[in-house]
Participant: 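To start, I am sharing the structure in question, which I have written as structure tokens.
Lettering follows sequence order; numbering is per chain, from 1. This structure is a prediction, so every number in the text was calculated from the model and none was measured.
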Amino acid sequence: MSALKSNDAVVAMHWFRKGLRLHDNAGLLYALSLAKGNNDANKVGKFYPVYIVDPNCYQLLKCSVNRAKFLLECVQDLHSSLKVRGSRLYVVTGDPVEVLPKLWSEWGVTNMTYDADETGEPYSVERDGAVQKVAMQMGVEMMAFQTETLRPLGNVPGGYVANLGGLASNAPSTMSSFQQLLSRIDRGNIPVPLAAPKKADFPQHSNVDDDEKYLPLEHPWDIPWPRGYKRNEIGPVWDRKDCLNASLRPIVPGGETIALQRLEQVVTARPDWTASFEKPKTSCTEVSSPSTTVLSPYLSLGCISPRTVWHAVADATKRASSKTNRSKPPVSLHGQILWRDFNNLMAHSANAQNPGSWGRMEGNPYCRSVPWSSDPKLLAAWKGGRTGYPWIDACMAQLRSEGWIHHLGRHAVACFLTRGDLWQSWEAGADHFEGELLDADYAINNFNWLWLSCSGFFYQYFRCYSPIAFQKKNDPNGNYIRKWVPELANLPAKYIYEPWTANISILNAAGVKLDKNYPRPIVDHAIVSKENMNKMSLAYDMHKDQQAGGNGASSIKSDGSPPKKKPKTQTKLK
DNA sequence: TAAGAGTTGTAACC
DNA sequence: GGTTACAACTCTTA
């Protein structure tokens with residue numbers, strides 16, 4: 001595409017949204033090359049790297065204190081890294097659709113690069129569409145770069161959909177068929193990440209100023225709420241005091257610099273560990289140092305690029321001892337990055353078929369209809385870690401405190417909320433996770449909720465996690481519970497997973513007062529899990545009927561009653 | 001059309 | 001600690 005509109009020097013802007021990094025950032029490099037005038041001294045222009053704190057953005061509206069802290073740290077780190085290179089970050093607050101045109105006029109911007117959102121996330125689609133419209137009117141040339149997945153998702157050269165005949169609805173819906181698709185694109189080779197720009201790559205003597213008006217925000221309470229926002233109505237409920245609450249400690253600090261250090265420490269420096277990594281075998285009982293990489297928060301905001309992680313894992317694996325067993329996708333570390341691309345492709349495909357459907361049950365081509373209940377009390381108990389099942393409550397406490405839970409803990413609480421126990425919609429769970437998780441990601445979060453609730457991609461609903469047995473097997477002494485549910489810390493190991501089975505003298509000795517400082521179970525897992533399996537079975541039968549060409553009517557008798565289907569686990573109900 | 005595979009279940013048995 | 005029944009899902013492939 002033509003970059004220059006006239007003989008004038010270019011004024012280039014790079015709009016950081018996700019992709020909060022300097023390394024492997026094609027859009028940033030392209031903007032810099034434009035501003036440098038292809039090294040023609042007469043054509044050296046200006047370069048403005050910009051981040052917009054957008055209070056309307058879903059990231060801020062659903063955002064927990066932890067996530068706001070993490071985001072601001074990422075932005076601050078970007079500013080520092082740019083300053084080292086003789087530049088700076090311009091941080092502006094407001095709606096991008098209003099803010100960008102002002103900056104374009106003020107600075108005379110001719111070109112703007114940004115990282116594309118290919119998943120079709122509704123807020124991004126709406127925002128970017130509106131910005132593009134204004135840019136067109138103002139003659140600002142916008143250029144999007146696909147850099148947040150190993151390969152572009154869409155119908156562009158090297159993209160997944162381009163290798164599916166250009167039809168997103170042809171996207172593979174299983175991990176193995178996804179891996180085959182990837183292996184057909186350039187024989188499965190993953191492009192090498194681009195280096196971060198050096199000081200010499202920035203146009204010098206241009207526009208570096210210390211205008212305090214554009215400094216990064218320091219504290220989460222500096223973020224203004226959108227106009228008309230009413231506390232407690234929607235989104236986060238926090239103020240300055242909440243932000244200073246010492247119990248809220250993100251599991252990792254934000255920023256590209258720390259992300260790259262962490263990659264070095266956990267992957268590069270541990271070749272044997274990296275080569276033999278198997279996700280299902282990692283521990284969800286750790287109370288001090290996590291058993292996985294905890295790179296996901298950085299990937300979700302693009303502090304580190306997936307290609308960078310991919311190649312670091314490949315290099316470390318090459319250096320591993322010959323005696324070390326090499327794990328393979330989907331359980332290996334490469335597998336984890338592949339899952340990420342697969343999930344992104346599914347989001348892209350769902351939204352290409354029906355815009356905005358990926359985060360919902362209704363109209364989502366990958367989601368089965370399940371008649372979930374809606375009980376605010378059960379949902380609140382789950383969110384607040386007051387279900388009466390210590391392992392579930394411990395996970396929810398860690399989520400609230402650190403913005404992170406081990407993958408298997410997420411499985412446990414997601415299964416519990418949906419098909420396992422509470423029979424609440426996965427949408428409600430996904431919504432809560434999106435606000436609380438540091439690594440909240442539209443594609444991946446919704447994919448996993450579809451999976452765990454057996455609404456899509458995973459269908460073995462008879463495999464159900466027990467909120468007691470699963471973790472008892474991993475952590476017999478209940479150390480994880482003792483840390484995150486301190487009310488139960490003094491219970492003997494025998495009762496730590498089921499405090500209601502202890503007699504009153506044992507409870508008294510441990511300082512546990514059921515219904516007072518710790519709740520009794522809100523449901524009986526042994527009973528509801530069986531009932532729920534029968535409900536899932538009926539929902540699946542309805543789905544089959546619809547697949548067969550009907551509208552599910554054959555499952556409903558003329559009097560409106562459900563079919564007399566023999567419950568498959570009837571014999572176990574007693 | 002049937003067989004096989006599917007990142008990570010549970011409980012009972014030896 | 002390994003094996004098996006539980007009651008049986010869907011999607012892909014041959």
Side-chain angles (χ1 to χ4, degrees), chain A residues 164 169-181 183-184 276-286 291-293 296 326-343 346 349 365-368 370 391-392 395 405-416 418-421 444 447-448 450-476 497-498 525-548 565-573:
Chain A
L164 294 164
S169 56
N170 285 345
S173 63
T174 64
M175 178 62 170
S176 37
S177 48
F178 170 77
Q179 285 175 248
Q180 287 177 34
L181 166 64
S183 71
R184 290 200 299 271
S276 57
F277 180 95
E278 290 182 53
K279 186 65 168 280
K281 290 190 182 164
T282 59
S283 164
C284 55
T285 68
E286 300 301 319
S291 61
T292 53
T293 65
S296 56
R326 263 74 174 168
S327 56
K328 293 264 178 296
V331 296
S332 65
L333 273 178
H334 270 165
Q336 305 312 299
I337 309 293
L338 294 174
W339 277 103
R340 189 176 173 278
D341 267 37
F342 172 44
N343 292 185
M346 288 297 94
S349 171
Y366 296 108
C367 183
R368 298 193 166 192
V370 177
W391 153 237
I392 300 298
C395 287
I405 331 176
H406 184 276
H407 192 60
L408 292 175
R410 301 184 195 198
H411 275 219
V413 300
C415 182
F416 186 87
T418 57
R419 68 185 166 93
D421 296 82
I444 301 170
F447 181 95
N448 280 299
L450 285 164
W451 182 289
L452 265 304
S453 65
C454 284
S455 298
F457 309 109
F458 178 79
Y459 308 96
Q460 290 160 268
Y461 57 76
F462 42 85
R463 288 193 182 174
C464 180
Y465 287 93
S466 160
I468 299 158
F470 178 79
Q471 183 70 339
K472 200 185 238 178
K473 172 183 69 188
N474 299 321
D475 180 15
Y497 286 92
E498 300 163 277
H525 172 75
I527 293 171
V528 294
S529 63
K530 300 281 184 316
E531 290 172 355
N532 290 350
M533 267 185 216
N534 288 332
K535 290 188 202 165
M536 285 305 287
S537 175
L538 286 172
Y540 273 37
D541 286 347
M542 289 281 277
H543 177 80
K544 263 189 223 159
D545 285 354
Q546 285 171 354
Q547 291 291 89
K565 187 179 161 61
K566 194 168 58 179
K568 285 166 187 158
T569 51
Q570 184 73 64
T571 52
K572 300 251 170 179
L573 268 174

Participant: For A:Y540, report the nucleic acid contact type (base, sugar-phosphate, nothing); a contact means any heavy atom under 4.0 Å.
Facilitator: sugar-phosphate
Participant: A:Q179 has an atom CD; how far is it from atom C1' of B:dA5, in whole Å?
Facilitator: 13 Å
Participant: Provide, to the nearest angstrom, the distance between the NZ atom belonging to A:K281 and the C1' atom belonging to B:dT7.
Facilitator: 12 Å
Participant: A:K281: which residues meet the salt bridge (Lys or Arg N to Asp or Glu O under 4.0 Å) condition with it, sequence neighbours left out?
Facilitator: A:E278
Participant: Looking at every strand, decide which applies to A:K544 at a 4.0 Å heavy-atom threshold: base, sugar-phosphate, or nothing.
Facilitator: sugar-phosphate
Participant: Could you check how far CG of A:L408 sits from P of B:dT8, rounded to whole Å?
Facilitator: 10 Å
Participant: Tell me the interatomic distance from A:W339, atom CH2, to B:dG6, atom P, rounded to whole angstroms.
Facilitator: 11 Å
Participant: Can you sort out the partners of A:S296 under side chain to side chain donor-acceptor pair (under 3.5 Å), two or more places apart, ordered by chain and number?
Facilitator: A:D439
Participant: Determine the Euclidean distance between corresponding C1' atoms of C:dT4 and C:dA8; express it in Å to zero decimal places.
Facilitator: 15 Å
Participant: Starting from P on B:dT7, measure out to CD1 on A:I444 and report it in whole angstrom.
Facilitator: 16 Å
Participant: To the side chain of A:P280, which of C:dT10, B:dG6, B:dT8 is closest?
Facilitator: B:dT8
Participant: Answer with base, sugar-phosphate or nothing: what part of the nucleic acid does A:R410 contact at a heavy-atom distance below 4.0 Å?
Facilitator: nothing
Participant: My understanding is that only residues two or more places apart in sequence, or in another chain, count here; which of them pass ring pair (Phe, Tyr, Trp, His ring centres under 6.0 Å) with A:F458?
Facilitator: A:W451
Participant: Using the ring pair (Phe, Tyr, Trp, His ring centres under 6.0 Å) criterion, which residues pair with A:F416? Sequence neighbours excluded.
Facilitator: A:Y389
Participant: So, does A:R410 use its side chain to make a donor-acceptor pair with the main chain of A:I405 at under 3.5 Å?
Facilitator: yes
Participant: Test of understanding: with side chain to side chain donor-acceptor pair (under 3.5 Å), list the residues that count as partners of A:Y540, not counting sequence neighbours.
Facilitator: none
Participant: Considering residues at least two apart in sequence or located in another chain, which fulfil the side chain to side chain donor-acceptor pair (under 3.5 Å) criterion with A:S283?
Facilitator: A:T285, A:E286
Participant: Among all residues two or more places apart in sequence or in another chain, which pass the side chain to side chain contact (heavy atoms under 4.5 Å, CB included) test with A:P365?
Facilitator: A:A350, A:Q353, A:S357
Participant: What does nucleotides 9-14 of chain B look like as a protein-contact string, B for base, S for sugar-phosphate only, - for none, at under 4.0 angstrom between heavy atoms?
Facilitator: BSS---
Participant: With sequence neighbours left out, what residues match A:E498 under side chain to side chain donor-acceptor pair (under 3.5 Å)?
Facilitator: A:K472
Participant: Can you name the ring pair (Phe, Tyr, Trp, His ring centres under 6.0 Å) partners of A:H411, sequence neighbours left out?
Facilitator: A:H407, A:Y465
Participant: Please give the stem ranges for DNA chain C, sorted by first residue number, where a stem is three or more consecutive Watson-Crick or G-U pairs and both donor-acceptor distances are under 3.5 Å.
Facilitator: B:1-6 with C:9-14, B:9-14 with C:1-6
Participant: Could you list all N or O pairs between the protein and nucleotides 12-14 of chain C that sit under 3.5 Å apart?
Facilitator:
from   : atom 1 : to     : atom 2 : distance (Å)
C:dT13 : OP1    : A:Q180 : OE1    : 3.2

Participant: Measuring only between side-chain heavy atoms, which start at C-beta, is A:K279 closer than 4.5 Å to A:W339?
Facilitator: no
Participant: Nearest-Å distance, OH (A:Y461) to P (C:dA8)?
Facilitator: 6 Å
Participant: Do A:C284 and A:W391 come close enough that some side-chain heavy atom pair is under 4.5 Å?
Facilitator: yes
Participant: Write down the distance between CE (A:M536) and P (C:dA8), rounded to a whole number of angstrom.
Facilitator: 14 Å
Participant: Between atom CH2 in A:W451 and atom P in B:dT8, what is the gap in whole Å?
Facilitator: 6 Å
